[in-house]
Amino acid sequence: AAAPAAAPPAAAPAAGGGMMSGLAGSMMSGMATGVGMSVANRAVDAVMGPRQTEVVHRHEGAPAAAAPATDKCQFENDQFKQCMTTGTADSCKGYADMLKQCMA
């Protein structure tokens, strides 16, 4: 009786890696990482609310501006600020117009 033939050996993987090697693979990895971080930032913003940045200007050496004795537009200013904490610039346009009219 004849012995069964052995299975042929598995082909060795090709050297070089094709398109996903080297520079192309690094670029794809970088883009995937960037997209992942962007999605994660949006998810955090959705849960915790949007981030707010505050810019503080320091005028060292400049003379202090004289504060007005009375602020005739305090009410309008307060209303505009309160609207801007919860709304957008478009939704607060009416308050901004009232404040501009008061200051004129």
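Residues: numbered from 1 along the sequence shown.
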Quiz prompt | Evaluation steps, side chain to side chain donor-acceptor pair (under 3.5 Å), between Gln82 and Asp78 | solution = CA-CA 6 Å; Gln82 183 178 1; Asp78 290 342; over 6 Å; no
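In this structure, Asn77 and Leu99 approach most closely via the heavy-atom pair N-CD1, 3.7 Å. Here the closest non-hydrogen pair linking Cys83 and Ser91 is SG-O, 4.1 Å.
With a 4.5 Å cut-off on side-chain heavy atoms, Glu76 and Phe80 do not count as touching.
Val47 and Met37 fall into different hydrophobic clusters, where Ile, Leu, Val, Met, Phe, Trp and Tyr are joined by side-chain heavy atoms under 4.5 Å apart, directly or via other members. Linking Ile, Leu, Val, Met, Phe, Trp and Tyr whenever their side-chain heavy atoms come within less than 4.5 Å leaves Met103 and Phe75 in two separate clusters. Linking ILVMFWY side-chain heavy atoms closer than 4.5 Å, directly or via other members, places Val44 and Val39 in two distinct hydrophobic clusters.
Taking OH from Tyr95 and CE from Met84, the interatomic distance works out to 12.5 Å, rounded to the nearest 0.5 Å. Here the CG-SG distance, from Asp97 to Cys92, works out to 11.0 Å after rounding to the nearest 0.5 Å. The SG atom of Cys102 sits 12.0 Å away from atom CD of Gln79, with the distance rounded to the nearest 0.5 Å.
For CD of Gln101, the number of neighbouring non-hydrogen atoms (other residues, nucleotides, ligands) closer than 6.0 Å is 12 at most.
The backbone N or O of Gly25 sits nowhere less than 3.5 Å from a side-chain atom of Ser29 that would complete a donor-acceptor pair. At distances below 3.5 Å, not a single donor-acceptor pair connects side-chain atoms of Ser38 with backbone N or O atoms of Gly34.
Pairs of residues two or more places apart, or lying in two chains, never qualify as salt bridge (charged side-chain N to carboxylate O under 4.0 Å, His left out) while including a residue from residues 21-33.
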